[in-house]
Each structure stands twice: as structure tokens, then as C-alpha cells.
Amino acid sequence: MAQRYNIKETENKWRRKWDEANVFEVSEDTSKPKYYVLEMFPYPSGRIHVGHVRNYTLGDVVARYRTAKGFNVLHPMGWDAFGLPAENAAIERGQHPDKWTHENIKSMKKQLLSMGLSIDWSREFATCDAEYYEHEQRMFLKFLERGIAYRKESVVNWDPVDNTVLANEQVIDGKGWRTNAPVERRKLNQWFLKITDYADELLDDLKGLDRWPDKVRIMQENWINRSVGLQFKWDVVGTDHKIEAFTTRPDTLFGASFLALAPDHPMAKVLAEGKDGFDAFIKECQAHGTSEAAIEKAEKIGFDTGYKATHPLLGREVPIYIANFILMDYGTGAIFGCPGHDQRDWDFATKYGLPILPVVVPEDVEGFSVEEEAYTGEGKLANSEFLNGMDIENAKAEIIKRCEEIGYGFGTVQYRLRDWGVSRQRYWGCPIPVIYCEDCGCVPVPEDQLPVKLPEDVSFDKPSNPLEHHPTWKNCSCPKCGKDARRETDTFDTFFESSWYQFRYTDAKNPDLPVDKEKAAYWTTSTSDKNYNGVDQYIGGVEHAVLHLLYARFFTKIMRDCGFIEGVDEPFNGLFTQGMVTHETYQDSKGKWIFPTEAVKGGDGKWTHRETGESVTVGPIIKMSKSKKNVIDPEEILNTYGADAARLFILSDSPPERDLEWTESGIEGAWRFVNKVYASFMDMDLSGSLTDIDESALSDGAKDLRRATHKTIKGIGEAIEAFAMNKAVAFIREFYNAINAFKPAGDADKSALDEAARAFVVLINPICPHLAEELWEALGHKTMLVNEDWPSYDESLLVSDTITIGVQVNGKLRATITLPADADEKAAKEVALAEEKVQRAMDGKALRKFIYVPGRIVNVVAA
RNA sequence: GCGCCUGUGGCGGAAUGGUAGACGCUGCGGACUUAAAAUCCGUUGACCGUAGGUCGUGGGGGUUCAAGUCCCCCCAGGCGCACCA
């Protein structure tokens, strides 16, 4: 009888051996192609969650597979260690953020280690350590010098709960992305990075990122939202004022019937000041909420300033309104309304009785009118003087040309993307290395005084930034004139750290530079892969589609332009976004959420509470969350079932890009498989097997096994490369079933079994590395499997001598026939038509057509 | 409103235009056991049935010898953007 697999002991043994042999430590090696696989690094919250397990398992499969395929694989790990939870912990528990963070890192690292990941831990770093963030400060000084970083007073999104500023990307539906609190608007002096200067490049380069999900590219495209149009001036009649308006439809200029300003447009105040009802109007605009629903329902309202503006080409006058649906922070904050061809303008004009003139008329439409709604489709220009008869594209070009000629306007491009505000009024972040001097103004900290370290002795007893009320830290002397000065107390947005960490890993301990150019180039540019290079495979959650992934792309470009790296335009050549992990929810009789471990299913299918015995309601399967308590603890899973079973289950069933439902039966099934495989291998008798396979001496069953072996080698390789890990697992199980069912008829057959067993172990290694090592050793190998090459498959062994294919009659399957693999149409026809079922289905009708696709199908067309 | 994605057994999901449901989970039957657990073997799309059929990939059309797969229209769910001129 087979011995039982001691999972814990065995898994520990192999992790220790890998560690002792330093097998995952890599360096630049030009004799091999490189492969850089990276998973999004974790925030050190203290415990890993199942999402981490999924993320890092996926990465590890790729890393181990590529290693076996002969690549020099970089697979590093570190900690995204700055951020608010550390400060909250300090406030709630009085524990210093630095201590809290490093303790969390320690416990999380222990958990990650127990997963058996093939990580080069020698490159580990935490972004909260000065050894990391000092380089960020150095780069920032360069950005300042280059004009990429600048300071200006601006209205910012203020999160009243976190007491800090948020970037536009961090405001969702007018609420803070973390706190969900309504964002306030405040005026503050803030540091910005000129991401808008890179808007075009960020947009254009998306096209080449063909190993990114379309979804993410589209989201970034939407976010940048480039629009081409005309910006031009209108004179305000009877004044010297001019109003600049922006439009993407300059072709509809002759259909203009009003001008509209944003309520907070500087000219709005000037034109409406003191007029009856203006204050009330502004109040009404502000009264509307910022939620989706409010915007959806909000009626378009306007305030007539009484002023008119002169149409730059017609000389005609149109009224100037202030309107609630015009946004100050897009374009120029002023538009002209063309009700005929814009639904918003149509709504507004209808309400205020303004003329609606069609200027674009579709061809071949009887009784065309714009009385019911605006027309936004294609057509020819009408009522538009010199534009009449042109199509929209030509009319746009023509009118931009005319406006430029008369000096009233110019063709231009607008973006929704705003510059990235990077100042945060927090302690636990990278200090911004500048000093304010009364005489010299804002002075960069000289390079030799870097890093500007965070002070350790801080208190969190007052709200807002501890750096601000630290007794001494902010006091310093001006580097220029030596007078008393004060430090910048804001710190960087924590997305700063995660914007360049992918490069730091390539030279993680460099004390002088963010990264050595040569080393960065080896790991990020030396493949023959086209496009922009960067990390070969990046893996993480889709929630970072805009924020992190856009900032990291931008940062890569400015690091390149500032000479910190060379030959890389994009940080991540391949991106894979994994789905969420979900679980059933459970509520007790009082409606309180309870943990899955507290709910038990009885034999009658009814759920009860493990302790109280009262009945439990099973709720929907949703994303694991602490509030719904539908979470499972990876540490418990790893302890109970082992890393291999956890990894196997998390890769089974669901394709990685989709959500995965975590189930007890699923993890148990995986665990059973691990044990079953072990037992089978322990029972396997390979004594007498030959080194060379004597093809002629093999039984039919052995030939089938060899075919299964080579098909599986091909299938798993292709599945992993396509990120179809669920299929790779299915192939593994199918192959196992074939091996387990095989009974060798003699020594020759044993050599086929030996081949299958060896292949199986290497193939399962990326998924269940501990088990694979143990079996490899059991097969008598003295070397570690981790260094073993991926097997190659023999194309000629993939096909069998005979094949079974379906026979259709008029498209319906009626029979299956077995033919020699190389049978020609004549032979196929003979066998197919001889089938009784085929004859019956033909029902005496004449054969009209005979279709034979070798190896695939026979279709008999009868009528 | 616009854009993208998804829809296949009781469930998760397979399927270069070519035998739909691989692989697994669950269920059912059996073996082993004093009994249970574990394990192993068989079975598991629906309907009629003795053989053998009929139906079946969200719905409706179409292309094709052949459609889950391609095209058109619609329905449902999810995600993203959202008064961006």
C-alpha cells in the first residue's frame, strides 16, 4: 500500500533546498534570452488575501515555465509600503508607521514564502525605506530642472476624512476613492507633473501595446480623451471683452444661436455682476449634487446676461448665457451652442426659445428636420455660405483655415487629462525635496543633502499632517543664502513609488542611481520582441487600469527623457488582468454576516451555524470582502492543504481573467489530486524499463500513452503561453488519468511509462512545484527539477494510425467511422456509405455531394 | 446615453467553421467496512424509449455541405465613461 504524502514536511523540505541552492537568484546573462515577469507588488497590510494567492500563482507559473524553456527569468518581489493605513494604525494603536509597516512585511513575507514562489528575494525592497525613496527625490529634482514638475496654486479635490488632496483619477463620482466621502474643493499650492505634455505619446503608444487587454487600453483612451477642434474668439458687443470658445464641430459654426459660459468662468461674474437673479442662479447650480443620478436628471438651466456676442464670420449677434452644463475645467469653459446638431444645445435652445437652424443635412432623407431632436450624423453642409455642399470633414478644415486667416482662432487639441497633482498632506510618504526661503523662494534641496528623510519622532495626536506640527523638522536653512527657511511638509502621492519600481528591481541595491542603465536595459530591452519592451509580463488587478498603469507609463517616458533609462518607452510590454475571487455569503437568523468557517452544511442540504446551531441563509456569490465576511484565510488554506493544492485549485476551472469562485469542495478536490498523484507514483514500477524506446516492441496501449505524452507537452505549453491555466490543469488531469490507467505489458512498455512519468513531473512543476520535485527525486534523479528543461514533443507522435470521425447526413451526425489516418476520399466514401445508420438516414435518397475533410468529418448530402 | 465584454448541463467551464459538453465539482448507484470517513469502480444535458430516436449552446433571422464559433437585429447581465462641447 502506498505511503501517505506528508505535504507539510515535503513542501518545507523543497523550499529549504531551493533556498540553500539560491536557485531563483539571477543576474544578467547574455548567453540566454531574458524574461521579466512581474506581479503588482502588495501593500503590506500584514496578511495576504486570496487575491494575492491568485496573482502570485499566475506569475509563478509563467516564471517557472519560462525558466524551464531556457529563459533567464527575473521574478522579483517588494513592498508598496507608503500609504495611509500605516498612519491610521498609528492613530488608532499608537504604533509608529515604520514599525507597523516592517512588522507587516515580515509576516506577509512569511506567508508568501509558504506559497513556494520562484522569487529572487535578493532584490526585495520596501518603498518606505530611504534607500528607495531617495532616488525618487533625485529624479524629482531633475524633473524640476526640466520643467516637468511645477508648483501652482490650484483648486484641489480635498478629502475631508483622510485630510488630504486627491488626484482627479482618485475622485470617483465626486467621492474619495478610499474614503467614499464627498470631495471638497480647496485652493492650495500644489506640486504637479506635466503629464499633459505626454498626452499624445501616451495615447499613441497605446496602439502598440497589443499584449494589453483592449479593455484597459480603451479605459486609458477615454481617460485622456483627446479631441481636435477650433478655439476662437467672440467679441462681446459694447465692451472690449472677448470670449474664447472651443468646439470639436467648427463645421456647425453657422448654426450657432447662443454662447454659453461655465458658472465659474471669470467672464461670467463680469457680465452678470449685480444683475437680478444671478446670485440665485449660481446657488441653484451649486445645489445640484455631483452624483451620477443628479447629473442625469439635472435640467439644463441658463442665465441670460443680456449681452450679445458677435459671430466672427457672419457678424450676426447671439445672446450670451451662463449655463449649468458647461464645465470650467474642460476646453476654455465657454462654448457656442448649435442646437441643430448637439442634443444638449437643442435641449437648452428649446427651453429658452432660441433659434434652431440645421446646417448639416443628410443625403437621401425625406422630410429632414431638427424640430424633434438634434441631428448628429453625417451629411452635407447647408445654410453655411462658403461651406455649403461640403462634407463635415472638409468643412471643419475649411473653417479652421478661415479663422486662422482672419486671426480669430486656431485649430487645437484638448484633453480631458489634467496634470498630475502629486502633493499629499501626509506623513507616511516620500518627502518632497524642496525648501522655501523668504528671499530665494522655492529652492531645491541640493543633491548632496539627499535623502530628505522622514523624522522618526512624530505624534499623531492632532489631525492633519504630523510633519506640519513637528517641532523642528521643517526648520532648516536656505541652501542658497543660508538664512532660516522651512521645508516642504507635503509628501508625494504614493503612486509615485509604484511608477518606477519595475526598473528598480533590475538593480535593486544601487546606492547612487535609481537604476543602472545597462542593467535596466538588459532586463527591459534585450528581447527581440517588438514594440516598446519593458516588463515582458505584468500581472495584476484591473482596478489599476487608469491610475497606476497610466502613471507608470508616464514615469517611464520622463525617466527616459531625463536620461535615467534608455531604449524603453513603455514599462509593461505584456499586461494580464486577473479576475476577482468570490465566495458565497452567509447570514445568521438575525441577518448578521458570518464567516464561511462558521457555516456548516448538513446532510439535508440545510445550512446551520457551527456553534449556535441556528439556521443560516446562503446569500449571493460576491467578491470577497471583510464587511460581508465571505473571506477565507490563505494561511489556513496553506496550512491545511499545502501550497500545491492551493495553487492547483486557484488555477483550475475558471480562466484567469474571469472571476473565480472559491469553494470548499474545489480546494478539497485539488488536495485529493495531489495525494492521488503521489500515491500513484509511489506504486509505479519502472524496474527493467529501457533508456531507449523500442517503438516496434510497444503494445497499442503504450503507443497511445506515448501519443498522450507528446500531446500533453504541446498542449500545456500552448495553454500557459495563452494564459489558459485552467486548460493546462485539465491537460494535466487528463494525462494523469492516462498514466494511471496504463498497465505496461512488458519492459518495452515500461520505457513508455517512464517517458510519460518524467514528462508529467516536469509539466506539473509550474503548477505544483513541491510535489514535482518530490516525484522527480522518487524517479531516481539526483539533480533538482527546478533546473530541468521543458520537454520537447515529437510532431510525428501526435497523430495515430487510425482516426475516428463523425459522419453527417445533411449536416446531422448519424454515425462515427474509424479510418486509417491517411485514408483518401474514395476509401472514406466506401466506409461511410456502408454504414447502416447512414443508409437509413439517407432514406433511399440520391447522393448529391460527398464532403470529406480528412481527420475531421464526413458529410453526405442526399436529396 | 455612448463604448467594451459575457451569455453553453445541477455548477465552474472545454470546443483552428467539422463527433457540443474535454477536465473538474456536485448528485446517484456499487465495492471495501460491524458501521462511518477515506479510497476505488460505474454513471450523470433534456425528452420518448426495447432497439433507436427527437430536441439542445439567451431569442429571432441570414451565410454555408456544415454555425456555440461568421454576419444582421433583439434580450439579459457585468464593467468602463458620462452634460468633456
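Chain A is the first sequence line, chain B the second, and so forth, proteins listed ahead of strands; every chain is numbered from 1.
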| said: Over all strands shown, is A/R672 touching base, sugar-phosphate only, or nothing at heavy-atom distances under 4.0 angstrom? | reply: sugar-phosphate
| said: Under 4.0 Å, heavy atoms only, any strand: does A/T816 hit a base, just the sugar-phosphate, or nothing? | reply: base
| note | Atom CD of A/E664 and atom C1' of B/C25 are separated, to the nearest Å, by 13 Å
| task | For A/I392 and B/A85, give me the distance from atom CD1 to atom P, rounded to whole Å. | result | 15 Å
| message | Quick check on RNA chain B: between A/D214 and A/G855, whose nearest nucleotide comes earlier from the 5' end? | response | A/D214
| request: Provide, to the nearest angstrom, the distance between the CD atom belonging to A/E661 and the P atom belonging to B/U26. | output: 13 Å
| said: Under 4.0 Å, heavy atoms only, any strand: does A/I851 hit a base, just the sugar-phosphate, or nothing? | reply: base
| Which of the following nucleotides, B/G13, B/G18, B/C83, is nearest to the side chain of A/N726? | B/G13
| query | In the structure shown, which nucleotide is the Watson-Crick or G-U wobble counterpart of B/C40, with both distances under 3.5 Å? | reply | B/G30
| Can you tell me if A/T818 and A/T804 form a side-chain donor-acceptor pair at under 3.5 Å? | yes
| task | Decide yes or no, distance alone: a donor-acceptor N/O pair under 3.5 angstrom between the base of B/C23 and the side-chain of A/K727. | result | no
| request: Could you tell me the separation between the CG atom of A/L813 and the P atom of B/G52, rounded to a whole number of Å? | output: 14 Å
| query | Given atom CD of A/E718 and atom P of B/A14, what is their separation to the nearest angstrom? | reply | 16 Å
| task | With the side chain counted from C-beta on, respond yes when A/W223 and A/L417 share a heavy-atom pair under 4.5 Å apart, and no when they do not. | result | yes
| field | side-chain N/O A/K812 vs B/C55 OP1/OP2, d < 4.0 Å | value | yes
| message | From C-beta outward on A/R416, which listed nucleotide comes closest to its side chain: B/A85, B/C4, B/C81? | response | B/C81
| query | Considering only the P atoms, how many Å lie between B/G21 and B/U57, rounded to the nearest integer? | reply | 14 Å
| message | Tell me if the aromatic rings of A/Y408 and A/F232 count as close, with their centers under 6.0 Å from one another. | response | no
| Mind checking the P distance from B/G80 to B/U64? Whole angstroms is fine. | 42 Å
| said: Can you tell me whether the base of B/G9 sits syn or anti, using the 90° cut around 0 to define syn? | reply: syn
| said: The side chain of A/P655 is closest to which nucleotide in this list: B/G53, B/A85, B/G13? | reply: B/G13
| Ring-face cation contact, A/F673 with A/R733, 6.0 Å cut, 45° max | yes
| Integer angstrom distance from the C1' of B/A20 to that of B/G13 | 13 Å
| message | Any base atoms under 4.0 Å from A/R217, or only sugar-phosphate, or nothing? Heavy atoms, all strands. | response | nothing
| task | Compute whether any side-chain donor of one residue and acceptor of the other, for A/Y415 and A/S227, lie under 3.5 angstrom apart. | result | no
| query | For atom C1', what is the distance between B/A66 and B/U50, given to the nearest Å? | reply | 33 Å
| task | Rounded to whole angstrom, note down the C1' distance from B/C25 over to B/G9. | result | 13 Å
| request: Report the distance from atom NZ of A/K711 to atom P of B/A22, rounded to the nearest whole Å. | output: 15 Å
| request: Answer with base, sugar-phosphate or nothing: what part of the nucleic acid does A/R226 contact at a heavy-atom distance below 4.0 Å? | output: nothing
| Distance test, side-chain N/O of A/R840 to OP1/OP2 of B/G53, below 4.0 Å | yes
| request: Could you say whether A/N737 or A/N740 is positioned toward the 5' end of RNA chain B, judged by the nucleotide with the nearest heavy atom to each? | output: A/N737
| Residue matched to B/G24 through Watson-Crick or wobble contacts both under 3.5 angstrom | B/C11
| request: For A/M580 and B/G78, give me the distance from atom CE to atom P, rounded to whole Å. | output: 12 Å
| query | Base, sugar-phosphate alone, or nothing: which one does A/D342 contact when heavy atoms must sit under 4.0 Å apart? | reply | nothing
| message | Can you identify which nucleotide, out of B/G53, B/A22, B/G13, has its nearest atom closest to the A/S654 side chain? | response | B/G13
| query | Contact class for A/V861 (heavy atom, under 4.0 Å): base, sugar-phosphate, or nothing? | reply | sugar-phosphate
| message | Please report the distance separating the C1' of B/C70 from the corresponding atom of B/A46, rounded so that it comes out in whole Å. | response | 28 Å
| Regarding A/K300 and the six-membered ring of A/F348, is the cationic atom NZ or CZ under 6.0 Å from the ring centre and inside 45° of its axis? | no
| task | Counting heavy atoms from C-beta on, name the nucleotide in B/C83, B/G13, B/C25 closest to the side chain of A/R658. | result | B/G13
| field | Who pairs with B/C65 - Watson-Crick or G-U, where each distance is under 3.5 Å | value | B/G18
| message | Please report whether the ring centroid of A/Y352 lies less than 6.0 Å from that of A/Y321. | response | yes
| field | Pair assignment for B/A85, Watson-Crick or G-U wobble, requiring both distances under 3.5 Å | value | none
| said: Taking the C1' atom in each of B/G59 and B/G53, what is the distance between them to the nearest angstrom? | reply: 27 Å
| Which nucleotide in the set B/U16, B/G80, B/C55 lies at the smallest distance from any side-chain heavy atom of A/M219? | B/G80
| When all nucleic acid strands are considered with a 4.0 Å heavy-atom cut-off, which category describes A/S227: base, sugar-phosphate, or nothing? | sugar-phosphate
| task | With P as the reference atom in both, quote the distance from B/U69 to B/G18 in angstrom, rounded to an integer. | result | 11 Å
| request: Please work out if A/I326 contacts a base, only the sugar-phosphate, or nothing of the nucleic acid, heavy-atom cut-off 4.0 Å. | output: base
| task | Go ahead and name the base partner of B/A76; Watson-Crick or wobble counts if both distances stay under 3.5 Å, otherwise write none. | result | B/U6
| field | Atom-pair distance (CG on A/D653; P on B/G24), nearest Å | value | 10 Å
| Minimal non-hydrogen separation, A/H265 against A/G333, with atom names | CD2-O, 3.3 Å
| message | For A/W662 and A/F649, I'd like to know if the aromatic rings sit close, meaning centre-to-centre distance below 6.0 Å. | response | yes
| Do the side chain of A/N222 and the base of B/C81 come within less than 3.5 angstrom through a donor-acceptor pair of N or O atoms? | no
